[in-house]
**Q** 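Just dropping this structure here.
Just so you know, ligand 1 is whichever comes first in the structure, and atom 1 is the first atom listed for that ligand.
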Amino acid sequence: MAVNLKGRSLLTLLDYTPEEIRYLLDISHQVKAESRAREKHKRFEGMTLAMLFEKRSTRTRLAFETAFTEEGGHAIFLSKNDIQLGAKESIEDTARVLGRMVDAIMFRGFKQKTVEILAEYSGVPVYNGLTDDYHPTQVLADLMTIEENFGRLKGIKLVFMGDGRNNMANSLMIGAAKMGFHYVIVSPESLRPRKELVERVTEIAKETGAKIEFTDNVDEGVRGADVIYTDVWASMGEEDKLQERMKLLKPFQVNEELMKKTGKEGTIFMHCLPAVKGQEVTFEVIEGKQSRVWDEAENRKHTIKAIMIATLI
Ligand code: CP
Ligand code: NVA
């Protein structure tokens, strides 16, 4: 059956089938080609997108706002200082009001539950622009970037280094399981994804042929990696853990020596950004030949445009 995502929210990639993810990636490649050809479309003319932020953002805000605006839509930025989100007014009530006035909602914040309530009560598509648990729009951009580099997704060995229980480690694990990757989290044992999520992705992996592994052995973990991925050691909202993480995660830093340990010439380095150079990755690696971080950042816009095209028109 042909894929149809009209009216759907994107709260986590757990809710999407591999075929639906494939469909979103196909549209992403198409809109990137249109952008390169300077083709203009007005797909969101007369539409409004509300963008709710409890946490800061550069890429996600820019990607949603520029993608929506250049297609003729109007995107409204609302920070938690501007609206009554869960403070004076419940999230349910805010969702109902937004649903009466806008065509879609993007939310970035703390709890996954908030984005779920927004979707349940607004009646319009809701996009998760990052929560403590997941960052699904980032993973679509990452899948696109990997596909551009290797021409495929299946069988790619993707290694996540560092805080193996953060939103990126979780979401990449889901994307990797859905698309048949060999995914390895290389982290201290105390920083692995929650058991219930591991069980879910293990079930998915059985169907797709993906392999999901966890290790604290850096040499073994990175051997043969096509992609080395890392993220900050303390995510937004857990800055108080930084000192402890710096000690714990120092052996998991991505540096030139670690990149050599893959034993492959063609290994690429990825990072969702923002990066703290000198902590999770060295200056030499992020600025080096193997780094794809700027393509990855650009692809946020194309993949986010693709999600909105697929779910709104
Ligand atoms: N990668 C990412 O989500 O970046 P921002 O925090 O700048 O949106
Ligand atoms: N794990 C990071 C990702 C930022 C895009 C954070 O949540 O801060």
**Q** Note the single closest protein heavy atom to atom 2 (C) of ligand 1, along with its residue, its atom name and the distance in Å.
**A**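 Sorting protein heavy atoms by distance from atom 2 (C) of ligand 1 puts Arg300 NH1, 3.3 Å first.
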**Q** Test Phe107 against Tyr127 for ring pair (Phe, Tyr, Trp, His ring centres under 6.0 Å), laying out the working first.
**A** CA-CA 6 Å; Phe107 171 79; Tyr127 312 116; over 10 Å; no
**Q** Nearest protein heavy atom to atom 7 (O) of ligand 1, by residue and atom, and its distance?
**A** Thr58 N, 2.6 Å
**Q** Just to confirm my output: which protein heavy-atom neighbour is closest to atom 4 (O) of ligand 1, and how far is it?
**A**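 So the nearest neighbour among protein heavy atoms is Arg59 NE, 2.8 Å.
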**Q** Below 3.5 Å, N or O to N or O, backbone or side chain included: is there any such pair between Arg61 and ligand 1?
**A**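 Among all N and O atoms of Arg61, none is under 3.5 Å from an N or O of ligand 1.
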**Q** Are the side chain of Lys157 and the backbone of Arg223 linked by a donor-acceptor contact shorter than 3.5 Å?
**A**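 Checked: pair present.
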**Q** Validate the cation-pi geometry between Arg43 and Phe68: distance from NZ or CZ to the six-membered ring centre under 6.0 Å, angle to the ring axis within 45°.
**A**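 No, a cation-pi geometry is absent between Arg43 and Phe68.
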**Q** If the cut-off is 4.0 Å to any non-hydrogen atom of Leu273, which atoms of ligand 2 fall inside it?
**A**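 Those atoms are 5 (C).
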**Q** Could you list which atoms of ligand 2 come closer than 4.0 Å to a heavy atom of Leu130?
**A** 3 (C), 4 (C), 5 (C), 7 (O)
**Q** Pairs of nitrogen or oxygen atoms closer than 3.5 Å, one from Leu273 and one from ligand 1: do any exist?
**A** yes
**Q** Hey, does Ser235 come in under 3.5 Å of ligand 2, counting only N/O atoms on both sides?
**A** yes
**Q** At a non-hydrogen distance cut-off of under 4.0 Å, which region of Thr60 contacts ligand 2 (side chain, backbone, both, or neither)?
**A**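 Neither; nothing of Thr60 gets under 4.0 Å from ligand 2.
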**Q** Does Arg108 have a heavy atom less than 4.0 Å from any atom of ligand 1?
**A**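 Arg108: in contact with ligand 1 (<4.0 Å).
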**Q** Give me the residue, atom name and distance of the protein heavy atom closest to atom 3 (C) of ligand 2.
**A**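 The answer is Asp231 OD2, 3.6 Å.
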**Q** Donor-acceptor pairs under 3.5 angstrom involving side-chain atoms of residues 246-253: please list them, not counting sequence neighbours.
**A**
unit_1 : atom_1 : unit_2 : atom_2 : d
Gln253 : OE1    : Asn255 : ND2    : 3.2
Gln253 : NE2    : Gly278 : O      : 3.2
Gln253 : NE2    : Gln279 : O      : 3.0

**Q** Mind listing the closest non-hydrogen atom pair of Phe150 and Asp226 along with its distance?
**A**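 Closest pair (atom of Phe150, atom of Asp226, distance): CZ-O, 3.4 Å.
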**Q** With a heavy-atom distance limit of 4.0 Å, tell me whether Asp163 approaches ligand 2 through its side chain, its backbone, both, or neither.
**A** neither
**Q** Regarding ligand 1, does Pro274 bring an N or O atom to under 3.5 Å of one of the ligand's N or O atoms?
**A**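 No: no nitrogen or oxygen of Pro274 is under 3.5 Å from one in ligand 1.
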**Q** Can you list everything that forms a salt bridge (Lys or Arg N to Asp or Glu O under 4.0 Å) with Asp133? Sequence neighbours excluded, please.
**A** none
**Q** Could you give me the CA-CA distance, side-chain angles and deciding distance for Glu296 and Tyr229, then say whether side-chain hydrogen bond (donor to acceptor under 3.5 Å, both in side chains) is met?
**A** CA-CA 11 Å; Glu296 212 181 333; Tyr229 199 115; 3.3 Å; yes
**Q** Can you list the ligand 2 atoms lying under 4.0 Å from a non-hydrogen atom of Asn166?
**A**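 Every atom of ligand 2 under 4.0 Å from some heavy atom of Asn166: 1 (N).
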